[in-house]
Structure formats: C-alpha cells, structure tokens
Amino acid sequence: MSIAKTYNPKEAEDKWYQYWMENGFFRSTPDAREPYTIVMPPPNVTGVLHMGHMLNNTIQDVLIRRARMQGKNACWVPGTDHASIATEAKVVAMLKEQGIDKKSLTREDFLKHAWEWKEKYGGIILKQLEKLGASCDWERTKFTMDADLSESVIDTFIKFYKAGYIYRGVRMVNWDPQGKTALSDEEVIRKEVQQKLYYIRYQIKDSDEYVIIATTRPETIMADAAICINPNDERYQHLKGKTVIVPLVNREIPIIEDTYVEMEFGTGCLKVTPAHDLNDYELGQKHNLEVIDILNDDGTLNEKAIILVGEDRFIARKKIAKQLEEVGQIEKIEDYKSQIGFSERTDAAIEPKLSMQWWCKMDELAKPALDYVLSGEVRLIPDKFTASYKHWMENVKDWCISRQLWWGQRIPAWYNEKNEWVIAKTQEEAIQEFKSQGKPAERIRQEEDVLDTWFSSGLWPMSVFDGVRNPENEDFKYYYPTNDLVTAPEILFFWVARMIIMGHNYTEKAPFKNVYLTGIVRDKLGRKMSKSLGNSPDPIELMEQYGTDGVRVGMLLSSPAGNDLMFDVSYCEQGRNFANKIWNAFRLVKGWETTDSPATAAPKTAAQWFENRFNQAVAEIDEHFKHYRLSDALMTTYKLIWDDFCAWYLELVKPAYQMPIEQETLETVKNFFQKILSLAHPFMPFLTEELWHDELFGQRDAKDCIIVAPYPEIAGFNENIIKEFASVQQIISEVRNVRNSKGISPKIALPLAINATEIDYSKYQDSIIKLANIEELTFVKDKVAGAVSFLAGRDECYIALANNIDIDAERERIRKEIEYLQGFLVSVDKKLSNERFVANAKPEIVENEQNKKADAEAKIKILTESLASLG
RNA sequence: GGAGAAUUAGCUCAGCUGGUUCAGAGCACCUGCCUUACAAGCAGGGGGUCACUGGUUCGAACCCAGUAUUCUCCACCA
C-alpha cells in the first residue's frame with residue numbers, strides 16, 4: 001500500500017464536485033423539512049472572481065453546507081446582475097475596438113451585441129465559483145434581466161408609481177459624462193483631489209474697478225448668472241445693486257446678496273453658475289436667475305459657451321485659464337484640495353447637471369425599512385452597522401432611478417406626440433390609458449431610459465423565486481423570507497436597504513433575517529486589493545497552489561464579521577498544512593493491522609476522554625456559529641483536530657511499532673475520525689469527502705456522502721473527565737519539559753513517581769507511561785529523595801535522575817516557585833481581608849478566592865517540605 | 001464638518017453582562033529532534049506596565065471623560 005505522503009487536492013476537487021452535481025446534492029425543492037435559504041449577492045456579469053468574492057462565497061458555502069448537514073433543506077440561489085452601466089460601458093468599448101460606434105447602432109442592434117457579450121462572458125464568474133466548491137443549486141441560476149425578473153421590475157415600477165412613490169421631474173443630477181447617464185447619489189464616489197483655485201477679476205460695469213472671485217472651475221464662467229456676496233460683508237457694501245462683466249464673453253450679470261456665501265472663504269465673492277452646481281442651482285432658483293447650460297452630455301462645451309465650443313471641460317479649463325491670464329483677468333492661482341465626485345462604474349468625474357429624470361420618493365419608504373433593523377427583526381452582523389444604517393435611512397434623499405442607457409429594464413412610460421405621458425405595461429395599455437384620459441393616442445413611443453440596476457437587484461430575494469409576479473407559488477412561499485444574507489458593507493445602502501424596502505412593500509416581511517457583513521480584503525500593507533494596484537492574487541491560482549480547502553481555510557482564519565481581512569498567502573499555507581495534517585492522520589489509521597484480542601483499558605480511557613472533549617468542542621462551535629463567528633468556529637475545529645485528536649488521542653491509542661491494534665479500538669477511532677471529518681466538512685469540503693469514501697470506513701452507497709452526512713449534534717459532556725485528563729496532560733508535558741531542559745533524549749525512559757492526593761491516576765497509568773516514555777510509574781505517599789520534582793495541581797511528581805540531578809538548581813527552582821506562590825497568596829489575602837470586597841462581591845467570587853487561597857497554601861506546604869527534604 | 005469604530009505579544013486577532021487561570025489563540029520566533037502518519041512535521045520554550053492621562057469602583061484590558069494615532073461611513077463650502 002502506498003498513499004501519498006502529502007494530500008494532493010487537484011484530483012479530489014474535480015472528482016467530487018462532479019459527483020455532488022451528478023447526484024443532485026445541491027438541488028433543493030420544497031418539502032417537509034425546514035428550509036434554509038441564502039440568495040447569493042449576484043456578481044456583475046462583467047466580473048471575474050476576485051478575493052472579495054472568494055471570502056463572500058466561502059462564508060456562504062460554509063453556512064449552507066452546515067445547514068444541509070443539519071438536515072435542513074438548504075437552498076443557495078446563484079445568479080448574476082446585469083449591471084447596466086458597467087456592462088454597457090464594456091460593450092461600448094468592445095464595439096469601439098471593432099470599429100463600431102454605439103451612435104451608429106439602433107437600440108435593437110446594440111442590445112443584440114450586448115446579449116451576445118453576456119452569453120459569451122457572463123457565466124465566467126459562476127464557473128469560477130464551482131472551483132471554490134460553491135454548493136449552489138445551479139438549476140436555479142438567475143440573471144437580473146431574465147424575462148421573468150425583468151417583468152417583475154416593470155410590475156414594481158408600476159406598483160410604486162400607482163402608490164405615488166415614483167415621479168418625473170427636472171432636478172440636479174449626478175451626470176456621468178463618460179457613461180452619458182444620470183447616477184444616483186450612492187453611485188458617486190467622492191475623492192479628494194489636488195486642484196487649483198483660480199482668482200478671477202470681473203470688471204464692474206461702467207467702472208475701472210473689479211471684483212475678484214475664487215473658483216476651481218474657470219471653464220464655467222460662461223454659464224455664470226450672477227455674482228453673489230454676503231449682505232453683511234463690510235468690504236462689499238458698495239457693490240450692492242451693481243452689475244459686472246463676465247470676462248472673455250463680455251456678458252453682463254447682476255451682483256446679488258445671500259447669506260449663503262461664506263465671507264471667510266476665498267474672496268467672499270461667489271460666482272453663481274446654476275446649471276453646473278447644486279448649490280448655485282438652488283441660489284438661482286431663489287434669486288430667479290437664468291440657467292445657462294454650457295455642457296454637452298459628454299462633458300464638452302456646447303455653443304452656449306460661445307468660446308471653446310467642442311472642447312472637453314478639463315481642456316477648456318486650462319485654455320480658459322490661459323486666456324484669462326493673457327487678458328490680465330487672473331489675480332492669482334492657489335493650490336487647493338477638494339472633494340470631487342467620480343462615477344463608481346466609469347470613474348469619470350461627475351458633472352452636476354440639470355435634467356429630466358425619474359425619481360423614487362424615499363422618506364415614506366425608508367421608515368418601515370429602518371424599523372426592521374431597529375427592532376432586531378433584521379439583524380446586522382456585526383451590529384455596529386446599525387448606527388450608520390439608521391443615519392442613512394433618516395437622511396435619505398430621493399432616488400434617481402432613470403439611466404440614459406440601453407442595457408437594462410426600459411421604463412414603462414409612454415409618450416404621445418404632445419409629449420404627454422402615461423405609465424403602462426404595454427403599448428396597448430398605454431393607448432387605452434391615453435384614450436381614457438382624453439388625450440391623443442397616436443404615434444406613441446416608449447421612454448428611452450432604463451432603470452437603475454439596483455432597482456432590479458432590490459427585488460432579487462423575491463424575484464429569484466418569482467415572488468413578485470406570482471406570490472402564491474410554492475417556491476416563494478417555502479423559501480421566502482430567506483435566512484442569511486452575506487454581503488459587503490459597501491452596499492448596505494445600495495442594496496440591502498432597498499431589498500428591505502421592496503420586500504416590505506410586497507410581503508410585509510423583510511427578505512432575510514440576518515445580514516452578515518464581510519470585511520474588505522486588504523493586502524498585508526492594509527491596502528484595498530484592486531486590479532489597478534496589482535496587489536490582488538488570482539484566486540484561481542491560489543487554489544491551484546494551495547488547494548481549494550487550503551484557501552477556504554486561509555480566507556476564514558482571520559476574518560471575523562465586519563473586520564477587514566489583511567490577506568496574506570501564509571494563511572493559505574496554514575490551511576494547506578491543516579489539510580495535510582488530516583490527510584496524514586488518515587494515513588496513520590489506514591496503515592494499522594488489527595487483532596481480535598480485546599481492547600485494553602488505556603484506549604478505552606482515551607476514548608472516554610476524547611468523546612467528552614469532542615462534545616465540548618461541538619458545543620463551542622455551535623455557539624460560535626450562532627454569533628456568526630466563523631473564524632472562531634474554524635479555529636475550535638482546527639484545535640480539536642490538530643491538538644486533541646492527532647496529538648493526544650491518536651498518540652494514546654497508536655499501537656507500538658509494527659504491532660496490530662485491537663479491532664474494537666480501531667472501530668472507535670474510525671468512528672471519531674468520521675465525526676471530525678463531518679465537523680470539518682463545511683470548511684474543507686473536498687478533503688473530507690475524499691477521505692469519507694475510503695474503504696477504511698467501509699463500503700458506502702452512492703448517496704452516502706459527507707456533504708449530506710449528519711452534522712455532529714450537541715451532546716452533554718463531563719467536565720470532570722476533561723479536567724482530570726488535563727492534569728494527565730500536564731504531567732506528561734512536565735516530564736517532557738524536564739527531559740528537554742536537561743538534554744535527555746526522548747528515547748531514554750525515565751522513572752516517575754506520583755504522590756497523588758487529588759486525582760486517581762491509576763486508569764491513566766498506561767497513557768502516562770506511553771506518552772511521557774516512563775520506565776516505571778509508581779504511586780508514592782512520601783517524598784522521593786534526590787529527584788527532580790514538579791507539581792501537577794496539588795499532586796507532586798518525582799523523576800529520580802540518579803546522579804544526573806543538580807540539587808542546587810532544584811532548590812533554587814522550588815524556592816522561586818514558593819516565592820511566587822507567597823506573593824500570590826498575599827494578594828488573595830488582601831482581597832479576602834477587605835470587608836468591602838467580601839460584602840460586595842458575588843458569593844461565588846468570594847468562594848473562588850478562598851479556593852485559590854487554600855490551593856496556594858497547600859502547594860506552598862508541599863513545596864516547603866520538598867525544599868526541606870533536599871537539605 | 002458630522003457620525004461610528006479601532007488601538008491587547010513581531011503579525012493577525014479573541015477576551016460574550018467589570019471578579020474562575022498573577023492577560024489568551026493562531027502564525028512567526030528560539031532550542032532540541034529527519035522518533036517507522038505528517039519537517040506542510042514532533043517536543044519544549046521565550047515574548048505584552050492591554051495607546052496615553054485622569055476618574056468611577058472593594059476590584060478596570062473591560063465602565064466614564066479627555067488626549068494621541070488609525071480606519072470607515074455620511075456631508076453642497078465655491
């Protein structure tokens with residue numbers, strides 16, 4: 001027989017994933033069992049697997065596998081998001097490479113290309129998740145633009161419109177000049193940018209005087225509608241009622257007064273550009289100013305700018321600055337840092353722009369969604385996010401839901417030739433509606449805009465079960481609301497809040513009970529992993545190198561919920577080593593020959609201990625899972641297997657070299673082995689399945705797989721047995737320590753005498769002899785002269801080392817220990833003699849202090865006697 | 001500018017309502033071992049005035065206040 005010395009994951013991974021699929025273990029259909037449901041946060045179709053997905057989906061898979069083993073009907077629904085702006089940008093770029101301009105295509109032709117692109121690349125990320133071992137029900141895979149999901153979106157739009165939540169209006173929006181679409185506030189990322197602050201002179205009409213304003217955007221002076229000063233500003237009283245001339249274009253604009261202007265900033269004079277700044281827009285409304293929009297949709301200047309028409313705004317900025325300088329209108333230029341908005345998807349600098357858009361009113365919708373979280377009906381994990389959720393929900397603004405794109409669900413609004421509009425699901429219904437309103441119903445056309453992607457993702461937990469269109473269907477009634485949602489805190493508002501809003505509006509229920517918010521995967525230096533930094537390892541390569549189980553363990557080892565994960569490949573190494581450890585434990589057991597002779601006492605004692613210890617660990621693990629402390633659950637499993645099972649239990653029962661093991665003992669070992677494999681399975685699915693099927697554990701039916709094996713249940717355990725064995729472990733460690741510090745080889749057996757007053761070690765006799773390599777173990781009632789001694793609890797142990805013993809060193813060691821114990825005793829005494837302590841502390845605390853005192857006193861007595869006996 | 005969080009061993013983190021163990025784990029480190037499951041291993045070991053300063057308390061890593069540093073989220077200062 002030859003089994004590889006190290007675990008080779010490759011073969012096992014392909015084999016078992018295939019096998020699980022073929023046997024339908026990932027499938028879920030409603031039945032009598034309790035459901036356990038997770039909907040996967042749908043990755044963008046444009047996405048490729050990155051470390052964030054790895055973390056996210058590993059967590060989900062651990063949760064779903066554990067639930068499945070616990071006998072629940074586990075259903076994990078995968079899918080992808082159409083990600084309208086990101087995908088459209090990708091497709092546009094691809095077409096450009098082929099020499100095709102989007103503008104030259106009809107909407108239909110463009111969409112044909114987009115769907116082709118989606119079919120070709122959209123599934124990549126899901127394929128990659130298979131490698132991770134994701135046990136999703138792939139037959140339920142959904143896409144946010146599947147016909148039924150799209151219809152759900154349209155239905156929801158109409159429902160919300162009828163309920164008065166959706167309106168159309170001209171507002172200032174965040175305009176993405178690259179995507180050429182409006183964005184919601186949440187899609188704008190603010191970054192601090194080093195800019196220039198230009199001080200520009202505006203000549204006062206019919207005068208040689210100037211006012212100087214400070215701006216970061218000189219290219220917008222052509223859109224200026226006024227200059228604004230604070231009416232309380234002493235310096236500018238003389239300007240009231242005057243007008244000034246905009247440089248270069250020589251247009252006359254008024255000087256207005258508003259306390260909005262900060263006197264301290266810049267020169268205290270503000271140029272008001274209503275078309276290109278939200279605050280200026282509001283000022284303009286208040287003071288009835290003209291709105292001059294000088295920008296095209298792509299961020300270039302239009303003819304209203306008069307000069308530099310067709311130039312991009314950033315180029316225009318530089319050119320204008322130069323021109324102003326040439327005509328002497330620039331007073332000075334300062335360096336200046338300020339926050340600029342960028343498109344989350346295209347990274348283009350956002351332009352505030354006035355435009356007609358569709359909006360979703362949020363205040364009313366937000367309230368119940370906030371209550372779910374505040375009442376605890378929806379639990380955020382960790383709950384520190386509740387505060388920011390609350391803040392956001394209480395300050396939420398209306399949501400711009402229209403996008404000037406083609407890829408997405410087209411808004412079901414219809415216009416007649418007079419530009420009047422109605423909301424209707426189909427053209428026929430629209431015509432009816434127009435007619436019933438007595439309006440012209442000929443030549444009607446549909447709204448060009450599509451809906452924000454998040455409008456459809458908000459429905460995801462419902463729409464994957466077709467719960468929007470058909471709430472009475474069996475799947476929806478069975479699986480909804482789902483149990484856990486695992487996602488990144490960055491999309492708490494984007495997505496989680498909106499799912500709760502939409503879920504509430506349809507079902508009066510939140511779509512999930514727990515929201516586990518993962519951290520951000522960072523590199524060792526704490527930098528966010530990103531493609532542009534090139535600091536993100538390729539997950540697929542990692543899995544090739546360390547094995548999928550190793551990487552899963554690595555991801556989980558140091559990622560408590562909500563904490564960022566400082567990722568380093570050494571975690572994967574640790575995971576791989578752990579897999580290898582289990583593999584080798586298996587090799588050991590696999591290699592044993594058996595005998596029919598009955599089991600001796602020692603392995604039975606060991607089994608008794610391990611069983612109790614195992615049950616204790618299972619209880620701890622359960623507790624960790626209840627609190628979503630996955631890394632702690634994993635660490636408890638890790639230590640149970642590595643320390644308790646391998647280092648202690650297997651060493652205890654391991655037969656002597658080339659000796660057989662009793663059949664009875666082997667059966668017990670195999671039984672435990674399968675139990676620890678079951679515990680490990682959610683974390684390490686492949687290795688555990690591979691070992692599960694080895695003939696060592698007997699013939700198995702085709703469906704007898706660990707993926708559906710029962711997860712160890714909580715059982716009682718005897719703490720005394722665990723404590724007692726801890727003393728045994730201590731004795732063994734102390735003997736090893738003595739050996740180590742005296743440079744005695746582990747091969748040399750030593751004599752050991754124990755003066756047991758507390759614990760009856762007789763049933764552990766053989767275990768101690770074996771693991772501490774004891775030549776002769778005796779139980780004594782008196783001091784053993786000329787021996788190295790140590791305490792295990794209050795039991796003193798002696799190793800007679802004959803002439804090898806250094807009496808002086810022994811004396812010194814014991815003296816130090818007594819000294820320490822006495823110091824300890826003093827502090828305990830101090831507590832106990834403090835009346836206020838005895839009066840105020842809980843009785844069990846006081847009792848405990850008394851025990852500590854008694855224990856220390858007993859130890860001091862023993863050690864003092866030992867010291868005396870040394871002479 | 002507002003809000004929240006963090007600061008515990010070289011690193012990453014536990015420490016659940018203040019009091020079982022003079023502060024724990026994993027990794028890393030040091031020493032000795034290629035012992036016939038595993039050197040991706042075995043045995044043993046060292047290492048922290050719990051950021052700082054005060055306060056509350058019989059008792060503080062834990063509660064309170066302030067300081068420092070770091071992070072995250074939100075926000076329209078040109």
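Just so we're clear, the structure is a prediction, and the values are computed from it rather than from any experiment. Within every chain, numbering begins at 1; the chains are lettered A, B, ... in the order of the sequence lines, protein sequences first and strands thereafter.
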Nucleotide [N], atom [atom2] - distance to [atom1] of [X] in whole Å:
X	N	atom1	atom2	answer
A/Met566	B/U72	CE	C1'	12 Å
A/Glu490	B/U72	CD	C1'	10 Å
A/Arg190	B/U72	CZ	P	17 Å
A/Leu821	B/U21	CG	P	13 Å
A/Glu620	B/C16	CD	P	15 Å
A/Asn395	B/C74	CG	P	12 Å
A/Asp632	B/U12	CG	P	17 Å
A/Phe673	B/A37	CZ	P	14 Å

Regarding [X], tell me which of base, sugar-phosphate or nothing describes its non-hydrogen contacts under 4.0 Å with the strands shown.
X	value
A/Phe586	nothing
A/Glu262	base
A/Lys830	nothing
A/Lys654	base
A/Ser338	sugar-phosphate
A/Val846	nothing
A/Leu270	base
A/Tyr389	nothing
A/Thr215	sugar-phosphate

Next item on the list: Would you please test A/Asp185 and A/Asn174 for side-chain hydrogen bond (donor to acceptor under 3.5 Å, both in side chains) and show each step?
Entry: CA-CA 7 Å; A/Asp185 293 343; A/Asn174 307 295; 3.0 Å; yes
From C-beta outward on [X], which listed nucleotide comes closest to its side chain: [options]?
X	options	result
A/Phe493	B/A40, B/C74, B/C76	B/C74
A/Tyr571	B/C38, B/U20, B/U12	B/U12
A/Gln339	B/A75, B/U12, B/U20	B/A75
A/Tyr336	B/A78, B/C58, B/A5	B/A78
A/Lys5	B/C38, B/C58, B/A78	B/C38
A/Tyr638	B/C58, B/C74, B/G26	B/G26

On a whole-Å scale, what distance lies between the [atom1] atoms belonging to [N] and [M]?
N	M	atom1	answer
B/A78	B/G66	P	30 Å
B/G48	B/A9	C1'	5 Å
B/U12	B/C42	C1'	25 Å
B/C52	B/A60	C1'	16 Å
B/U67	B/C27	P	41 Å
B/G46	B/C30	P	16 Å
B/G55	B/G45	C1'	41 Å
B/U56	B/G24	C1'	27 Å

Next item on the list: Mark yes or no for a side-chain to base donor-acceptor pair under 3.5 Å between A/Asn834 and B/C58, with no hydrogen or angle criteria applied.
Entry: no
Margin query: At less than 3.5 Å, do the side-chain atoms of A/Glu651 and the base atoms of B/A37 form a donor-acceptor pair?
Written below: yes
Checklist line | Validation row, ring centre A/Phe265 to ring centre A/Tyr336 under 6.0 Å | finding: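 Ring centroids of A/Phe265 and A/Tyr336 are less than 6.0 Å from each other.
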Next item on the list: State whether A/Phe342 and A/Lys191 meet the cation-pi test: NZ (Lys) or CZ (Arg) under 6.0 Å from the six-membered ring centroid, and within 45° of the perpendicular axis.
Entry: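 Positive - A/Lys191 is close enough to the ring of A/Phe342 and near enough to its axis.
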Notebook entry, point to check: Is the charged tip of A/Arg498 near the ring of A/Trp399: under 6.0 Å from the six-membered ring centre and within 45° of its axis?
Noted result: yes
Next item on the list: For A/Asp643 and for A/Ala214, locate the closest nucleotide of RNA chain B by heavy-atom distance; then report the residue assigned to the nucleotide nearer the 5' terminus.
Entry: A/Asp643
Next item on the list: For A/Asn584 and for A/Thr267, find the nucleotide of RNA chain B with the closest heavy atom, then tell me which residue's nucleotide is more 5'.
Entry: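 It is A/Asn584 whose nearest nucleotide is closer to the 5' end.
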Note to self: Before you tell me yes or no, could you show the steps for A/Tyr202 and A/Asp224 under side-chain hydrogen bond (donor to acceptor under 3.5 Å, both in side chains), namely the whole-Å CA-CA distance, both residues' side-chain angles and the distance that decides it to 0.1 Å?
What the structure shows: CA-CA 11 Å; A/Tyr202 285 52; A/Asp224 284 351; 2.4 Å; yes
Please say whether more than 12 non-hydrogen atoms of neighbouring residues, nucleotides or ligands are located less than 6.0 Å from [atom1] in [X].
X	atom1	value
A/Glu844	CD	yes
A/Lys670	NZ	yes
A/Glu192	CD	yes

Next item on the list: Could I get the full list of side chain to side chain contact (heavy atoms under 4.5 Å, CB included) partners for A/Val373, not counting sequence neighbours?
Entry: A/Val378, A/Leu380, A/Thr386, A/Tyr389, A/Ile500
Next item on the list: Compute whether any side-chain donor of one residue and acceptor of the other, for A/Tyr638 and A/Asp643, lie under 3.5 angstrom apart.
Entry: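 No - no donor-acceptor pair under 3.5 Å links their side chains.
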Notebook entry, point to check: Just by protein heavy atoms under 4.0 Å, how would nucleotides 41-51 of chain B read 5' to 3' in B, S and -?
Noted result: SSBSS------
Notebook entry, point to check: Looking at A/Ile212 and A/Cys269, what are the two nearest heavy atoms and their distance?
Noted result: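 Where A/Ile212 meets A/Cys269 most closely, the heavy atoms are O-CB, 3.5 Å.
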Notebook entry, point to check: Of the non-hydrogen atoms in A/Val846 and A/Ala841, which two are nearest, and what is the gap between them?
Noted result: CG2-CB, 4.0 Å
Under-4.0 Å side-chain N/O to phosphate OP1/OP2 contact, [X] with [N]:
X	N	value
A/Tyr281	B/A78	no
A/Arg587	B/A37	no
A/Lys397	B/C76	yes

Next item on the list: Would you sketch RNA chain B in dot-bracket for me? Only Watson-Crick or G-U wobble pairs with both distances under 3.5 Å count, crossing pairs as [ ], other-strand pairs as |, the rest as dots.
Entry: (((((((..((((.....[....)))).(((((.......))))).....(((((..]....))))))))))))....
Note to self: Run the side-chain hydrogen bond (donor to acceptor under 3.5 Å, both in side chains) test on A/Thr6 and A/Asn580 for me, step by step, so that the C-alpha distance in whole Å, both residues' side-chain angles and the decisive distance to 0.1 Å come before the verdict.
What the structure shows: CA-CA 6 Å; A/Thr6 51; A/Asn580 196 231; 4.9 Å; no
